[in-house]
Chemist: 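Let me begin by handing over the structure; questions about it come next.
No experiment lies behind these values; they were computed from the predicted model shown. FYI, side chains are in, hydrogens and waters are out, and symmetry mates aren't considered; it's all heavy atoms of this structure.
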Amino acid sequence: MSMSHESVSNGTFRGFISHHDAREFWLLCVATFLCFLTLSQTALLSVILSERGVPVESVGIVLASYGVTVTAFSLVSGPLANRIGTLHTLQLGMALLLIAHLSYHFTIGSLTGAITSRLLQGAGFGLFLASAMAFATGKLAPERIVYLLGIYASMVQLPNALGPPLAKLYLDHYGSGFFFLAGALPALLALPLTTGMQDRVVKISHSRNTTLTKTAADPKLRLPLIAILVVGTMLGLVPSYMAPLLIDKEVPIACFFSVYPVTAFVSRFVLMAWIERWPRWQTLCAGFAFMSIAYAGLAATDNALVVIALAILFGLGSSVSYPTLSACVSDLFDAGNKAMPLAVFNTAFNLGLFLTPLSAGYIIAFGGYHLSLLLLAGGSALIALTIIAKRSRIEALT
């Protein structure tokens with residue numbers, strides 16, 4: 001566009017390709033926040049399933065089924081985005097998330113029905129996240145891509161601090177009768193916000209990297225994929241085993257669960273504007289080092305104040321790692337070929353998220369919580385050391 005240079009250098013729109021792209025980026029942020037405000041309410045799904053008489057062991061099956069379609073459809077999102085565009089793919093994912101949430105109203109009393117709704121929800125998430133990241137990336141100029149992608153990623157995570165408490169308030173006052181119908185309202189408002197948007201890149205380049213298998217096997221992606229897999233495994237411990245770990249240490253869970261997301265949120269909105277000026281290898285090295293120190297420290301302490309300090313470190317490390325790695329992957333490919341690598345990238349991240357709950361139980365049974373923390377800390381430290389060794393390759397992207 002002819003106005004791209006002026007827009008990039010113009011205060012409010014600095015970091016965007018154009019004024020139009022800036023408007024669509026912020027609209028997508030609002031739509032994503034609303035959509036995930038609905039999705040976050042399923043944190044109470046286990047409570048409602050139990051109320052409806054679903055056995056505890058079956059509740060676990062319902063919850064775990066989500067990861068199957070998230071991983072599968074994260075991979076599907078790349079080829080689909082190349083065929084119909086990133087915008088239409090994210091809209092399809094958003095629509096599936098809405099339909100899945102509404103469907104719980106009719107399926108929640110049935111094990112098979114609830115699993116079907118949960119699988120549909122996972123499919124929506126898998127299609128949405130990678131394509132939305134590719135769409136958002138297409139709106140950004142290189143100078144602030146890490147900062148702005150960090151803000152966008154926060155629109156996925158921030159609802160987790162608001163949706164569950166609001167859902168619990170509704171459940172306490174009105175019961176579960178119309179819980180899913182009422183909770184679908186934010187997602188219902190989100191979808192129309194994406195109408196009228198346009199993919200900046202219409203023509204898809206058919207290079208060797210546009211096939212799924214070739215993209216996943218690309219040597220340039222090897223380190224980013226391993227690194228984001230480790231980020232996923234680190235984050236995967238938080239919703240699955242962090243609460244019982246802290247209870248076992250007799251540390252109030254708020255010391256971690258309240259401090260970590262607030263730190264991550266503040267980091268994305270405030271600190272990233274400063275941190276993105278660093279060389280990317282330094283940002284990534286610091287991020288993985290902080291996460292490693294946090295988990296190694298948690299293995300060695302039962303002091304609440306120390307846990308708070310470690311939660312701050314973990315929040316800082318996790319908040320910079322995802323957007324920085326995402327920007328590195330985006331910069332490796334031209335504009336017409338970003339959807340596929342970002343789909344593979346997000347699949348690796350999601351795989352890490354679900355790998356920890358699947359494997360940590362066995363590790364904890366064998367060596368306790370300390371062993372799982374130390375293994376994750378060791379993996380993160382190894383990535384930090386690898387980044388130092390490969391820093392020249394990462395510097396080439398900055």
Side-chain angles (χ1 to χ4, degrees), residues 40 42-47 50 56-57 59-67 70-71 157 160-161 164 226-264 267 286-322 348-385:
S40 69
T42 51
L44 296 176
L45 185 59
S46 60
V47 176
S50 298
V56 174
E57 58 274 15
V59 170
I61 296 173
V62 175
L63 298 180
S65 63
Y66 179 74
V70 167
T71 303
Q157 297 174 338
N160 292 323
I226 295 172
I228 198 61
L229 178 69
V230 171
V231 174
T233 59
M234 300 290 280
L235 290 171
L237 187 74
V238 177
S240 54
Y241 290 105
M242 186 60 73
L245 184 155
L246 294 172
I247 292 169
D248 186 62
K249 290 177 175 290
E250 298 184 351
V251 173
I253 63 173
C255 290
F256 191 94
F257 280 91
S258 296
V259 175
Y260 145 65
V262 170
T263 302
S267 172
F288 282 98
F290 286 170
M291 289 190 291
S292 177
I293 293 168
Y295 274 10
L298 280 172
T301 188
D302 56 4
N303 184 288
L305 292 178
V306 175
V307 169
I308 289 172
L310 295 172
I312 291 172
L313 271 184
F314 187 78
L316 289 172
S318 61
S319 69
V320 302
S321 300
Y322 180 90
F349 176 66
N350 290 325
L351 185 61
L353 286 175
F354 298 113
L355 185 63
T356 299
L358 286 173
S359 60
Y362 297 101
I363 296 170
I364 292 167
F366 177 76
Y369 292 113
H370 289 180
L371 180 60
S372 62
L373 286 168
L374 291 174
L375 286 173
L376 289 169
S380 191
L382 186 59
I383 293 296
L385 293 173

Chemist: Is the shortest heavy-atom distance from the side chain of Phe288 to the side chain of Val231 under 4.5 Å?
Modeler: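 Yes, their side chains come closer than 4.5 Å.
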
Chemist: Identify the heavy atoms of Phe290 and Gly317 that sit nearest to each other, and give their distance.
Modeler: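 Closest approach of Phe290 to Gly317: CB-CA, 4.0 Å.
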
Chemist: What pair of heavy atoms forms the shortest contact from Ile364 to Ser372, and how long is it?
Modeler: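 Where Ile364 meets Ser372 most closely, the heavy atoms are CG1-OG, 3.9 Å.
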
Chemist: Could you grab the distance from atom CG of Asp302 to atom CG of Leu245, nearest 0.5 Å is fine?
Modeler: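 Asp302 atom CG to Leu245 atom CG measures 11.0 Å (nearest 0.5 Å).
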
Chemist: Quick check: closest heavy atoms across Phe314 and Met234, and the distance to 0.1 Å?
Modeler: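 Nearest heavy atoms, Phe314 then Met234: CZ-O, 3.9 Å.
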
Chemist: Nearest 0.5 Å please: distance from the CG atom of Leu235 over to the CZ atom of Phe349.
Modeler: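 Going from the CG atom of Leu235 to the CZ atom of Phe349 covers 5.0 Å.
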
Chemist: Looking at OG of Ser267 and CD1 of Ile312, how far apart are the two atoms once the value is rounded to the nearest 0.5 Å?
Modeler: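 It is 11.5 Å, given to the nearest 0.5 Å.
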
Chemist: Do Leu373 and Leu237 have side chains that get closer than 4.5 Å, going by heavy atoms?
Modeler: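 Counting from C-beta outward, Leu373 and Leu237 do come under 4.5 Å.
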
Chemist: Quick one: does Thr263's side chain have a donor or acceptor within less than 3.5 Å of a partner on Val259's backbone?
Modeler: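 Indeed, once roles are kept as given, a pair shorter than 3.5 Å links the two residues.
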
Chemist: Could you walk me through whether Val251 and Phe256 pass the side-chain contact (heavy atoms from CB on, under 4.5 Å) check?
Modeler: CA-CA 9 Å; Val251 173; Phe256 191 94; over 6 Å; no

Chemist: For Tyr322, enumerate each residue passing the side-chain hydrogen bond (donor to acceptor under 3.5 Å, both in side chains) test, keeping only those at least two apart in sequence or located in another chain.
Modeler: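 Applying side-chain hydrogen bond (donor to acceptor under 3.5 Å, both in side chains) to Tyr322 gives Asn346.
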
Chemist: Spell out, as yes or no, whether a donor-acceptor pair under 3.5 Å connects the side chain of Ser321 to the backbone of Ser318.
Modeler: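 No.
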
Chemist: Can you sort out the partners of Ala289 under side-chain contact (heavy atoms from CB on, under 4.5 Å), two or more places apart, ordered by chain and number?
Modeler: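 Here no residue qualifies.
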
Chemist: Give me the atom names and distance for the closest heavy-atom approach of Val59 to Ser46.
Modeler: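 That would be CG1-CB, 3.7 Å.
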
Chemist: Once rounded to the nearest 0.5 Å, what's the spacing between atom CD1 of Ile228 and atom CG of Leu351?
Modeler: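 Between atom CD1 of Ile228 and atom CG of Leu351 there are 12.0 Å.
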
Chemist: Shortest non-hydrogen contact from Gly297 to Leu310?
Modeler: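 For Gly297 and Leu310, the tightest heavy-atom pair comes out as C-CD1, 3.4 Å.
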
Chemist: When rounded to the nearest 0.5 angstrom, what is the spacing between CG in Leu298 and CG in Leu376?
Modeler: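 Going from the CG atom of Leu298 to the CG atom of Leu376 covers 11.0 Å.
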
Chemist: Do side-chain atoms of Ser380 reach the backbone of Ala377 as a donor and acceptor pair under 3.5 angstrom?
Modeler: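 No.
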
Chemist: Report the C-alpha distance between Phe257 and Val238 in whole Å, list the side-chain angles of each, state the deciding distance to 0.1 Å, and finish with yes or no for side-chain contact (heavy atoms from CB on, under 4.5 Å).
Modeler: CA-CA 8 Å; Phe257 280 91; Val238 177; 3.8 Å; yes

Chemist: If every non-hydrogen atom of Leu371 is compared with every non-hydrogen atom of Phe366, which pair is closest and at what distance?
Modeler: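 Heavy-atom minimum between the residues: CD2-CD2, 3.8 Å.
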
Chemist: Tell me, please, which residues at least two apart from Ser40 pass side-chain hydrogen bond (donor to acceptor under 3.5 Å, both in side chains).
Modeler: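 Applying side-chain hydrogen bond (donor to acceptor under 3.5 Å, both in side chains) to Ser40 gives none.
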
Chemist: Return the OH to CG distance between Tyr66 and Leu353, rounded to the nearest 0.5 Å.
Modeler: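 The CG atom of Leu353 is 9.5 Å from OH of Tyr66, to the nearest 0.5 Å.
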
